[in-house]
Every structure is written in structure tokens, then in C-alpha cells.
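Accompanying notes for the structure given below.
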Protein chains: 2
Amino acid sequence: MTTPAMTTENAARGALDDFLCFGVYSTGLAFNRLYKPLLDRYGLTYPQYLVMVALARRDDQTVGELGGQLFLESNTLTPLIKRLEAAGFVTRQRDTADERVVRVRLTQRGQSVAQDVSTCVPAELMEAVGISIEEIAALNQSLVTLREKLQRAA
Amino acid sequence: MTTPAMTTENAARGALDDFLCFGVYSTGLAFNRLYKPLLDRYGLTYPQYLVMVALARRDDQTVGELGGQLFLESNTLTPLIKRLEAAGFVTRQRDTADERVVRVRLTQRGQSVAQDVSTCVPAELMEAVGISIEEIAALNQSLVTLREKLQRAA
DNA sequence: TGCGATTAAATCGCGTGCGATCTATATGTA
DNA sequence: TACATATAGATCGCACGCGATTTAATCGCA
């Protein structure tokens with residue numbers, strides 16, 4: 001199946017496809033590229049979108065709680081959440097009972113956007129991709145299991 | 001299965017686990033965290049490691065060819081490869097026949113490191129993770145198929 | 001041959017991830 | 001109460017990814 005075109009730039013396309021880590025890495029890039037134009041409509045990046053979804057499901061979370069869900073820490077989340085605050089999607093407020101804790105809440109506009117992106121965006125994408133609910137669930141389950149094994153190994 | 005500890009920070013751990021995109025994203029983070037200490041021994045980042053593996057398989061590639069395999073472009077690869085050059089792992093040289101093209105070649109030391117990381121690192125990791133060759137191959141095939149669908153949709 | 005269009009790579013700015021460190025608050029134990 | 005320890009966030013520097021633009025070389029076609 002070697003075509004003339006494959007002798008030049010495409011010669012080695014798929015050359016790294018025997019590495020599972022690369023499958024995960026490159027699929028992540030592809031997901032990002034697919035999401036980007038949709039999220040641009042809301043002015044959100046992909047990790048910002050994840051924070052909005054997490055807050056849509058449970059509002060008024062601490063930075064640490066959000067980090068627990070996204071597997072990120074304050075060094076990444078603090079600036080990200082500050083950008084969400086600057087965009088008017090969330091508020092950041094020190095907990096009065098424990099001043100070490102910062103509580104993140106959706107603004108009214110944030111709630112509206114979070115609702116939108118939680119439902120419309122994934123549905124719109126998965127339909128465009130052409131993959132069944134069952135395939136998604138099975139693959140996702142394998143990935144979550146793998147992720148847990150990787151975490152245990154680390 | 002709700003434990004007392006789950007009422008606080010861990011309450012919503014796994015809250016985003018119904019999103020396939022998040023499964024891919026978070027598994028990518030976990031892979032990176034697992035690889036990091038091993039690659040630190042060579043002074044390589046994960047994408048740098050991918051370039052070294054690609055060059056181990058076929059040396060003397062152009063920036064565009066490497067990008068075709070890693071799904072990246074020169075805006076990402078040029079600075080990355082310059083760092084590999086600064087570290088003494090590769091050389092960068094304009095093609096004499098077509099001066100637009102930059103050819104990347106492993107140095108002697110680069111060849112040695114590339115050999116090492118191509119074989120030892122993945123084997124060492126997968127053994128630590130505890131996942132069979134068959135599981136790896138099946139999951140990876142699903143991911144490559146998904147990636148291709150995502151690319152077509154983009 | 002000449003000249004616009006195309007191509008390969010480089011550059012720039014911004015938003016992540018993350019190791020390392022710092023600050024401020026809370027906790028525990030004498 | 002006092003002081004060491006622990007915890008939650010914040011800050012900083014560096015290396016990606018990537019959209020947008022720029023530069024330089026080649027190609028195509030009259």
C-alpha cells in the first residue's frame with residue numbers, strides 16, 4: 001500500500017503508533033484541535049472548559065477540590081481561574097471559616113455559559129465525529145482504568 | 001461506598017470521568033508524570049523523547065517529516081529541536097538541494113541516547129504499570145482509530 | 001526570463017503543566 | 001499560650017502547543 005506520496009513527508013506517518021503513550025498524547029492533541037473552534041465561541045480554553053463543567057455540576061468549590069477532579073494543582077489552576085474571573089465567569093473568595101481556602105463560584109453569566117458548554121459542546125462534537133455512545137463508554141472505561149494504573153505506578 | 005474522606009476534597013473525584021475527552025486528557029497527564037522521572041535521567045522532556053524515538057527509527061529527517069509523525073508544526077518543533085541541538089543530541093542543517101528545508105540528524109551521543117530511550121524506557125514503564133501487551137495493543141488501536149475520526153471531523 | 005503563488009521553517013505572544021519555592025493560615029502538642 | 005508542623009494557595013521560571021505572522025527559497029506559468 002505504499003503510494004508515491006508516502007515516499008516523502010508522509011513516509012513515516014504513523015511511525016510512533018506502536019506506543020500507547022503516543023496514542024494517548026496524539027489523540028489529546030486531536031481532541032484539543034477539534035474542541036478549539038467551538039470553545040473559541042465562548043472565549044474558553046480546553047482546561048478552562050473543564051473547570052466550567054466541574055462548576056456546573058457542583059458550584060462553590062475550592063481550588064483544591066477542582067484540582068482533585070482535574071488532576072491539577074494550584075500552580076496551574078490559580079492563574080487559570082484568575083483568567084476565568086477576569087472574563088467574568090467566576091468569582092474567587094477566601095473562605096471566612098478557613099482563610100487558607102479560596103472558594104470559586106460561577107457568576108450568573110458563568111452559569112449560563114457552563115450550562116451551554118456542558119451539554120451542547122460534547123453532543124455536537126461526538127455527533128460530528130461519528131462514534132457511538134457504546135464505543136465512547138467502553139474506550140473511556142479502558143482509559144480511566146489505565147489512568148489509575150499509571151497513577152499507582154507513579 | 002461513600003467514605004467520610006469523600007465528603008470533602010475527594011467528594012467529586014471522577015466527576016468528569018463520563019467525558020471521553022477528559023479520559024484522554026487526564027491519562028495524558030498521568031503518562032507524562034510517569035515518564036518524567038525516567039526522562040529526567042536523560043535530560044529529555046516527553047515531546048523531545050518522541051523526536052528522539054522518531055530519529056532512532058529513521059535518522060536525517062526534516063522538520064516537516066518529524067512534524068508529520070508527531071502531529072506538530074514548526075512553531076512547536078523548531079524551538080524544541082534547537083534545545084536538542086543545544087544539548088548535543090542532534091544537528092540541524094539546511095538541505096543544500098532545497099535551502100528551505102532543515103535536516104535533523106542524531107549526533108553520536110544522540111544515537112546512543114535514542115537507542116536507550118527507544119527500548120529501555122517503554123519496557124520499564126509498562127512492566128511497572130502492570131498491563132499486558134494485548135491490552136496495550138487493543139487500547140492503542142482504539143485510540144488511533146479515534147484520532148483519525150477526530151482529524152477527519154476537524 | 002520574470003513574477004506571483006506556494007512552501008518550509010522561524011518568530012512571537014499567550015495559555016497551560018509543573019517543579020520549586022514562598023506566604024499565610026490553621027493545627028497540634030508541650 | 002508558644003512554637004514547630006502541616007496545609008491551601010500563590011508565585012516564578014521553563015518547556016510545550018498553537019494561532020498569526022514573517023522570511024526565505026522554490027515553483028509555476030505566461
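To find a chain, count down the sequence lines: A is the first, B the second, and so on, and within it residues start at 1. For clarity, every value in this text was computed on a predicted model and none was experimentally measured.
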* **Pairwise distance CG(A:L66) to CG(B:L16) - rounded to 0.5 angstrom** =>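 These two atoms lie 9.5 Å from each other.
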* Asked: Which value, rounded to the nearest 0.5 Å, describes the distance between B:L72 atom CG and A:L29 atom CG?
  ->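 One finds 6.0 Å between CG of B:L72 and CG of A:L29.
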* State whether A:T78 places a side-chain N or O below 4.0 Å from either non-bridging phosphate oxygen (OP1 or OP2) of D:dA10. =>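 Looking at the OP1 and OP2 atoms of D:dA10, one of them is under 4.0 Å from a side-chain N or O of A:T78.
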* Any A:T62 side-chain nitrogen or oxygen under 4.0 Å from OP1 or OP2 of D:dA8 ->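 Checking A:T62 against D:dA8: no side-chain N or O falls below 4.0 Å of OP1 or OP2.
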* Asked: Counting any heavy atom closer than 4.0 Å, what does A:R103 reach on the DNA or RNA strands: base, sugar-phosphate only, or nothing?
  ->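 A:R103: no heavy atom of the nucleic acid under 4.0 Å.
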Nearest-Å distance, [atom1] ([X]) to [atom2] ([N])?
X     : N      : atom1 : atom2 : result
B:E73 : D:dC16 : CD    : P     : 16 Å
A:L34 : D:dG17 : CG    : P     : 18 Å
A:L70 : C:dT16 : CG    : P     : 11 Å
A:L77 : D:dG9  : CG    : C1'   : 11 Å
A:R94 : C:dA24 : CZ    : C1'   : 8 Å
B:N75 : D:dC16 : CG    : P     : 13 Å
B:F71 : D:dG17 : CZ    : P     : 14 Å
B:R33 : C:dT16 : CZ    : C1'   : 12 Å

* Asked: For the base of C:dG17, is there a side-chain donor-acceptor partner from B:N32 under 3.5 Å away?
  ->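 Check fails, no donor-acceptor contact within cut-off.
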* For the side chain of A:S74 and the base of D:dA10, is some donor closer than 3.5 Å to an acceptor across the two? ->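 Counting by modelled atom types and ignoring angles, a donor-acceptor contact under 3.5 Å is found here.
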Of all residues at least two apart in sequence or in a different chain, which pass the salt bridge (Lys or Arg N to Asp or Glu O under 4.0 Å) check with [X]?
X      : value
A:R100 : A:D98
A:R33  : none
B:K36  : B:D40
A:E85  : A:R92

* To do: Pull out every residue in residues 80-87 of chain A that has a heavy atom closer than 4.0 Å to any atom of DNA chain D, ordered by number, or say none.
  =>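 Per residue number, the list reads A:K82.
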* Test A:L77 against every option in A:L84, A:V63, A:V104 by the side chain to side chain contact (heavy atoms under 4.5 Å, CB included) rule and name the one that passes. =>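 Testing each of A:L84, A:V63, A:V104 against A:L77, the sole residue satisfying side chain to side chain contact (heavy atoms under 4.5 Å, CB included) is A:V63.
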Quick one: does [X]'s side chain have a donor or acceptor within less than 3.5 Å of a partner on [Y]'s backbone?
X     : Y      : answer
B:D60 : B:R105 : no
B:T62 : B:V102 : no
A:R57 : B:A15  : yes

Side-chain atoms of residues 135-143 of chain A: list all donor-acceptor pairs with protein atoms under 3.5 Å, sequence neighbours left out, distances to 0.1 Å.
from, atom 1, to, atom 2, distance (Å)
A:E135, OE1, A:S132, N, 3.0
A:E135, OE1, A:S132, OG, 3.3
A:N140, ND2, B:D17, O, 2.5
A:Q141, NE2, A:T145, OG1, 3.1
A:S142, OG, A:A138, O, 3.2

* Which residue pairs pass the ring-ring contact (aromatic ring centres under 6.0 Å, His included) test when at least one of the two sits in residues 43-67 of chain B, sequence neighbours left out? ->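 As it turns out, the ring-ring contact (aromatic ring centres under 6.0 Å, His included) pairs with a partner in residues 43-67 of chain B, which skip direct neighbours, are A:Y25-B:Y46, B:Y35-B:Y46, B:Y35-B:Y49, B:Y46-B:Y49.
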* **Partner of A:S26 by side-chain hydrogen bond (donor to acceptor under 3.5 Å, both in side chains), out of B:Q151, B:R147, B:Q69** =>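 Of the listed residues B:Q151, B:R147, B:Q69, the side-chain hydrogen bond (donor to acceptor under 3.5 Å, both in side chains) partner of A:S26 is B:R147.
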* **Within residues 37-51 of chain A: residues closer than 4.0 Å to DNA chain C (heavy atoms)** =>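 Under 4.0 Å from DNA chain C: A:T45, A:P47, A:Q48.
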* **Residues from residues 23-30 of chain B lying under 4.0 Å of DNA chain C - heavy atoms** =>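 Of all residues in residues 23-30 of chain B, the ones placing a heavy atom under 4.0 Å from DNA chain C are B:Y25, B:L29.
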Side chains of residues 109-118 of chain A: which donor-acceptor partners sit under 3.5 Å, not counting sequence neighbours?
from, atom 1, to, atom 2, distance (Å)
A:R109, NH2, A:A87, O, 2.6
A:D116, OD2, A:Y42, OH, 3.3
A:S118, OG, A:A114, O, 2.7

List, with names and distances, any nitrogen or oxygen atoms from the protein found under 3.5 Å away from nitrogen or oxygen atoms belonging to nucleotides 3-6 of chain C.
none

If you only use heavy atoms from C-beta on, which nucleotide in [options] is closest to the side chain of [X]?
X     : options                : answer
A:K36 : D:dG9, D:dA25, D:dG19  : D:dG19
A:L72 : C:dG17, D:dG17, D:dG9  : C:dG17
B:E99 : D:dT26, C:dA26, D:dA10 : D:dT26

* Results of side-chain contact (heavy atoms from CB on, under 4.5 Å) for B:D95 - residues two or more places apart only ->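 Testing B:D95 for side-chain contact (heavy atoms from CB on, under 4.5 Å), a comparison that skips the adjacent residues, returns B:A97, B:V101, B:R103.
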